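Here the structure is laid out as structure tokens; the discussion comes afterwards.
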Amino acid sequence: MSNVTVNGKKLKGTSRRVRDRGDLAIDIGVGIILGFILLFTLYPLIYVVSCSISAPSAVLSGQVMLLPVRPTLMSYNKVFQEGTLNRGVLNSILYTAVGTGLNLLLTTIGAYALSEKRLVGRKFFSKMIMFTMMFSGGLIPTYMVVKNFGMLNTMWSIVIPNAIGVTNFMIMKNTFENSIPTELKEAACVEGASQIRIFITIVLPLSKAILAVMFMYYCVGHWNEYFNALLYITDASKQPLQVVLRKVLVANEVNEMMSDGATMTSNDRLALAEGIRYAIIVISSVPMIAMYPFFQRYFAKGVMVGAVKG
Amino acid sequence: MAKLHAKASLKELKKSLRTYWQLYLLLIPVVAYFVLFRYLPMVGIQIAFRDFMPRLGYWGSKWVGLKHFTRFFGSYYAERMIVNTIVLSFGTLILSFPAPVLLALCLNEVRNSKAKKIMQTITYAPHFLSTVVVVGLVASLTNINYGLINILLKQAGIIEESINFMTKENWFRPLYIISSIWQETGWNAVVYMAALSSVDVSLYEAARVDGAGRLRSIWHVTLPCIAPTMITMLILNCGKVMNIGYEKVLLMQNDLNMAKSDVITTYVYQQGILKGQYSYSTAVNLFNSVINTMLVVTVNAISRRVSETSLW
């Protein structure tokens, strides 16, 4: 504390007490606001998990308020037994893996090439890429292109039309420009390393933070994407998880998931359907939410560097 | 003179090609992607001015000028869609703006770094949920028979009869906006947290020496420091107004709430993909894109003036 007060003890004491009281008021205010935000954010999340592990009948009769009632894994068992999600999950894993790989490859090589300030044509290519942020061909013309390339109902229709995210590309380019010292590249060049070699042995290892962030952005994007699949994939066996989820969660086709539905009373079916909905929400969301903490340490650093314009 | 200039730049290009041929090699797939999947579709926009028949192709289909545009603007739905798009966009923009700022300001006052980190992680979590899951969640929570919200409202005596929120047109916008705030507040606070972390600590010390308490420091130091970020975010978001998150609207849409949930982008999807009216829906899409482009360009110019930040 910087008590530079030259006045008497009494005065110093009062001023500190005033400050402490102000401090306390702020701490309380901050606590209340954060507490409210925490409650607002967490309540639905906890509620969903609770519903997924409660007895379906308890969910249906509105007994679950926040914590699980008569805990059981029945809903999860049902989901895994029926295996309706399996196909979707496998497709999504495939699309996410291939898509993210392609995203990272194209984003890094393009951003690296355009981050070389002496490259003739750099401005032209950057402008060409940036223009697509402002204007696009639109839904139908893009659909026609994908169709004409014969990509409908293949993995490529999901992976290739979105092979590069322009915002991510720009962040990557800015990062390469700002965080890789030119002297380092030049020194390597003098020693006879080629550009591709410099990229692989110097630039990429120095960019781990931003690569981690990009990986996360692209990965979450692919996993959660449903609209392109809705457009391009009509073959049910190739649909990714989110399209399956759309049927179950939004269009309410959950009953189709229960093969032994006929042997149950309608109330039981309804209850189980609701339990299954919650279990599915949890199963499909856990991978992405669980990923974040591992990337958190790269996050602050990676985003900050990329945000500065070069 | 011009010839000399051209010669010089040709020489430069040759030199650049010789030195950086590997970089050009790396650029090939990237440029190919942009040409094939971002620029080639732009060629297809011409079907907005034609009666497109797949059999005749882009160039062979009959030119009809502004027919499809006239049809759109003459239709009963045009005004409704434009109004819906703007109201929903601006509503979301304005109402979801304060929460991330408030969250960042409060987190900045938390001195326990562990608590801060946990709080951040929790508020980020909803961002990682898919749109499908969030809409599914809203549907479950507001279910007329066993939805938590109906149960709580009835227990509190606020309502007597359960409300079927998802099918009431007047509840569409509130549900859309509240769920957006729920999902994105934590994530949107990131940019303010970043701005706050770069505030010069000596400013706080100066304020303290001048006898400012914490509240006054927040008001006179913290807020002015993040004000440029706030302005930039607000301005840049205005540029996205026409590009409303149609994926979410599409999921929340049903026959009963169409009066409020019918927006331009979902209309394009329905007319084009579901009804196969390629030319007409491309015309509507083009109208939307042109407005969107004008907005983005204007908004960026303003942003560059005000805070020296822009998208490009």
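Because only heavy atoms are used, hydrogens play no part in the values below, and waters and symmetry mates are left out as well, while side chains stay in. Each chain gets a letter, A, B and so on, in the order its sequence line appears, and its residues count up from 1. Computed from a predicted model, the values in this text were never measured in an experiment.
- By the 4.5 Å heavy-atom criterion applied to side chains, Y278(B) and L139(A) are not counted as neighbours.
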| request: In sequence, state the C-alpha distance, the side-chain angles, and the governing distance for Y112(A) and L23(B), and then conclude on side-chain contact (heavy atoms from CB on, under 4.5 Å). | output: CA-CA 8 Å; Y112(A) 169 65; L23(B) 296 186; 3.4 Å; yes
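- Contact of the I129(A) side chain with the R38(B) side chain is not registered, since no non-hydrogen atoms from C-beta on lie closer than 4.5 Å.
- The two residues F169(A) and V30(B) make their nearest non-hydrogen contact at CE1-CG1, 4.1 Å.
- For chain B, the nearby part of S284(A) is the side chain; its heavy atoms alone come within less than 4.5 Å.
- Inter-residue side-chain proximity for F40(A) and T123(B) is flagged as unmet; no heavy-atom pair is nearer than 4.5 Å.
- With a 4.5 Å cut-off on non-hydrogen atoms, Y43(A) touches chain B through its side chain but not through its backbone.
- R214(B) places a side-chain heavy atom less than 4.5 Å from the side chain of D27(A).
- No close placement of the F125(A) and F34(B) rings is indicated, their centers lying 6.0 Å or farther apart.
- Heavy-atom distances place no part of I149(B) under 4.5 Å from chain A, backbone and side chain included.
- Looking at heavy atoms from C-beta onward, T142(A) lies out of side-chain contact with L40(B) at the 4.5 angstrom threshold.
- With a threshold of 4.5 angstrom between heavy atoms, M291(A) does not approach chain B through any atom at all.
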